[in-house]
Visitor: 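To start, I am sharing the structure in question, which I have written as structure tokens.
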There are 2 protein chains.
Amino acid sequence: METENKKILLVEDDPNFGIVLKDYLTMNDFDVVLAKNGMEGFEKFKKDNYDVCILDVMMPYKDGFTLAREIREKNENVPIIFLTAKTMKEDVLKGYKAGADDYLNKPFDSEVLLMKLKAILQRKSSNTLADSKQFEFEIGNFHLNSKLRFLRYKDEEPIKLSPKENELLRLLALHENDLMPRELALTKIWRDDNYFTSRSMDVYIAKLRKYLKRDDLAEILNIHGEGFRLVVKAGNEQAS
Amino acid sequence: METENKKILLVEDDPNFGIVLKDYLTMNDFDVVLAKNGMEGFEKFKKDNYDVCILDVMMPYKDGFTLAREIREKNENVPIIFLTAKTMKEDVLKGYKAGADDYLNKPFDSEVLLMKLKAILQRKSSNTLADSKQFEFEIGNFHLNSKLRFLRYKDEEPIKLSPKENELLRLLALHENDLMPRELALTKIWRDDNYFTSRSMDVYIAKLRKYLKRDDLAEILNIHGEGFRLVVKAGNEQAS
DNA sequence: CATTTTTGTTAAGGTTAGGTTAAACGCTAA
DNA sequence: TTAGCGTTTAACCTAACCTTAACAAAAATG
């Protein structure tokens, strides 16, 4: 599992507060880079990719708004959160104009910040997440597309699979060359484990075997009393 | 420029405040639908597509959180903004858990709300932009212009499409070669998923198939129980 | 080896989803 | 009011899907 932590650029001139906040966020599984002022913040921003930027508004040399504008020029998508000294409407409006996604008034509750981060990151990531699940498999000379429910042998016309056929073959493929327990399929696909569902499953195994028959590389073996095993022999692997 | 106004669902039980806020937002070029309670809010949500939902937290019958959860079930992307009576951390956290994008404490400054809306819509649009601009498609030897609602085969006279035909074909084209779930079309185009709308959709599928019949490169396949798939075979591709 | 249990396979039956055509409905504009 | 259009509903049919039954074969059991 590649559970990379989200990367945060934190720009805050107060060293004490900066470090405390950084530690807090680090403790909550973020990778935090702390910059002490706008200049440094921009330098660090250019050198890496961040998932979120948290900018203090009041800073020497370069204030948060200016920094936000520069960041927006480079990247118009990174979420930006402002930390403002107090509820100054002026600042808030200015912040949004500079391309902010949200703002927080100091002093703020750390849990609220976490929630905001979560909400913002969730929105962003929901688009990239797309193909995280396993829906396609190579089974010998077959290709199984489990989302579109078809099984294709080499370049021939795809065979349409029924929902049950599809899910069963997918379960077998997930356990390729390993035991796929009867019980697992019955509870996952049939949602009930009794004599009849079990017989029904056997019928589907027979159907799948009929499909797979044309390929010597793939076959479904029974492990008596335990379940089934989809064996896939390594075919003519080309060192491409 | 098709500058359609953004559509807001505003759910607020205080009639005075609700109307004032609605007018204010309307004045600022939003299309606002006002619901007086959670029940009504959900009904209205189901009947149309909104760009943002603004929900009061304290409401009779169904509070804002419950409503938010129901809305999230139907659509996990619409931005939701909560209006909370005062800074109650509890409420804020609860709100984010229910899938909120932001919250505002009453009394709030209307300009701040505008800014938040702008920020949120901007954030969203950067993601949705991709699809929203897609109004023209090449489907085999056909050309679909979804904005002008016609379908042309090669250089022949364009076929005029009815609104439903058009939207359905567009949805299929957006998911070209991939599954276009029944439910998606029903909720997006028919705004209701029941036996009759489903049958109606099938009628439209038949109509579209009749149009596409003249081209071997394009056809609509059914994935039993799931939806439809517009398969477009690559035609005479030129190696440019 | 006889018996029981599990699995293999095919076919029949019933249910639901989808394909298609035509009629009915409702709206709008002449 | 009617004519035209887009849409829904009805009706009928076919295809898809799943379960169950029936019988055969294999594996386990004693």
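Here the structure is a predicted model, which is why all the values come from computation and not from measurement. In what follows, every heavy atom counts, from backbone to side chain, and hydrogens, waters and symmetry copies are set aside.
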Visitor: Whole-Å distance between dG8(C) P and Arg199(A) CZ?
Guide: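 In whole Å, dG8(C) P lies 9 Å from Arg199(A) CZ.
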Visitor: Tell me, please, which residues at least two apart from Arg152(B) pass side chain to side chain donor-acceptor pair (under 3.5 Å).
Guide: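 Arg152(B) satisfies side chain to side chain donor-acceptor pair (under 3.5 Å) with no other residue.
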Visitor: Could you tell me how far apart His224(B) (NE2) and dT15(C) (P) are, to the nearest whole angstrom?
Guide: 15 Å
Visitor: The criterion is salt bridge (charged side-chain N to carboxylate O under 4.0 Å, His left out); which residues satisfy it with Lys44(B), sequence neighbours excluded?
Guide: Glu40(B)
Visitor: Sequence neighbours left out, what passes ring pair (Phe, Tyr, Trp, His ring centres under 6.0 Å) with Phe45(B)? Give chain and number order.
Guide: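 Here no residue qualifies.
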Visitor: Name all residues meeting the side chain to side chain donor-acceptor pair (under 3.5 Å) criterion together with Arg191(B); count only those two or more places apart in sequence or in a different chain, and write none if there are none.
Guide: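 If we apply the side chain to side chain donor-acceptor pair (under 3.5 Å) test to Arg191(B), skipping adjacent residues, there are no hits.
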Visitor: How far does the helix from dC1(C)-dG30(D) to dA30(C)-dT1(D) bend, going by the axes of its first and last five pairs, to the nearest 10°?
Guide: 30°
Visitor: Centre of Phe30(B)'s six-membered ring, under 6.0 Å away, within 45 degrees of the axis: is that where NZ or CZ of Lys6(B) sits?
Guide: no
Visitor: Have a look at Asp202(A) and say if it touches a base, only the backbone sugar-phosphate, or nothing, with a 4.0 Å heavy-atom cut-off.
Guide: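 It contacts base atoms.
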Visitor: Quick check for you: name the first and last nucleotides of DNA chain D, 5' to 3', having an atom under 4.0 Å from a heavy atom of chain B.
Guide: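 The protein-touched segment is dG6(D) to dC17(D).
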Visitor: By nearest heavy atom, map Arg149(B) and Thr197(B) onto DNA chain D; which one lands nearer the 5' end?
Guide: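 Taking each residue's closest nucleotide, the earlier one in sequence belongs to Arg149(B).
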Visitor: Could you tell me which non-hydrogen atom of Ser198(A) sits nearest to which non-hydrogen atom of Arg182(A), and how far apart they are?
Guide: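 Taking Ser198(A) first and Arg182(A) second, the nearest heavy atoms are OG-NH2, 3.0 Å.
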Visitor: What parts of residues 179-196 of chain A reach DNA chain C, counting only heavy atoms under 4.0 Å away?
Guide: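 Nucleic-acid contacts, sorted: Arg182(A).
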Visitor: Checking Arg209(B) now: which residues fulfil salt bridge (charged side-chain N to carboxylate O under 4.0 Å, His left out) with it, not counting sequence neighbours?
Guide: none
Visitor: Quick check: do Ile8(B) and Val33(B) have side-chain heavy atoms less than 4.5 Å from each other?
Guide: no
Visitor: With sequence neighbours excluded, what pairs up with Tyr50(A) under the ring pair (Phe, Tyr, Trp, His ring centres under 6.0 Å) test?
Guide: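 Checked Tyr50(A) against ring pair (Phe, Tyr, Trp, His ring centres under 6.0 Å); zero matches.
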Visitor: Between Thr197(B) and Asp192(B), do the side chains contain an N or O donor and an N or O acceptor separated by less than 3.5 Å?
Guide: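 Looking only at side-chain atoms, Asp192(B) and Thr197(B) do not form any donor-acceptor pair under 3.5 Å.
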Visitor: Choosing from dG19(C), dT20(C), dA11(C), which nucleotide comes nearest the side chain of Val203(B)?
Guide: dT20(C)
Visitor: Per the salt bridge (charged side-chain N to carboxylate O under 4.0 Å, His left out) rule, what does the pair list look like for residues 23-33 of chain B, sequence neighbours excluded?
Guide: none
Visitor: Is there a residue in residues 204-216 of chain B whose heavy atoms reach under 4.0 Å of DNA chain C, and which residues are they?
Guide: Arg209(B), Lys210(B)
Visitor: Within the distance-only criterion (no hydrogens, no angle test), does the side chain of Thr26(B) pair as donor or acceptor with the backbone N or O of Lys22(B) below 3.5 angstrom?
Guide: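 At least one qualifying donor-acceptor pair exists.
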Visitor: With a non-hydrogen cut-off below 4.0 angstrom, is Ser200(B) in contact with a base, only sugar-phosphate, or nothing?
Guide: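 Here Ser200(B) touches the bases of the nucleic acid.
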Visitor: Can you list everything that forms a side chain to side chain donor-acceptor pair (under 3.5 Å) with Arg229(A)? Sequence neighbours excluded, please.
Guide: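 Applying side chain to side chain donor-acceptor pair (under 3.5 Å) to Arg229(A) gives none.
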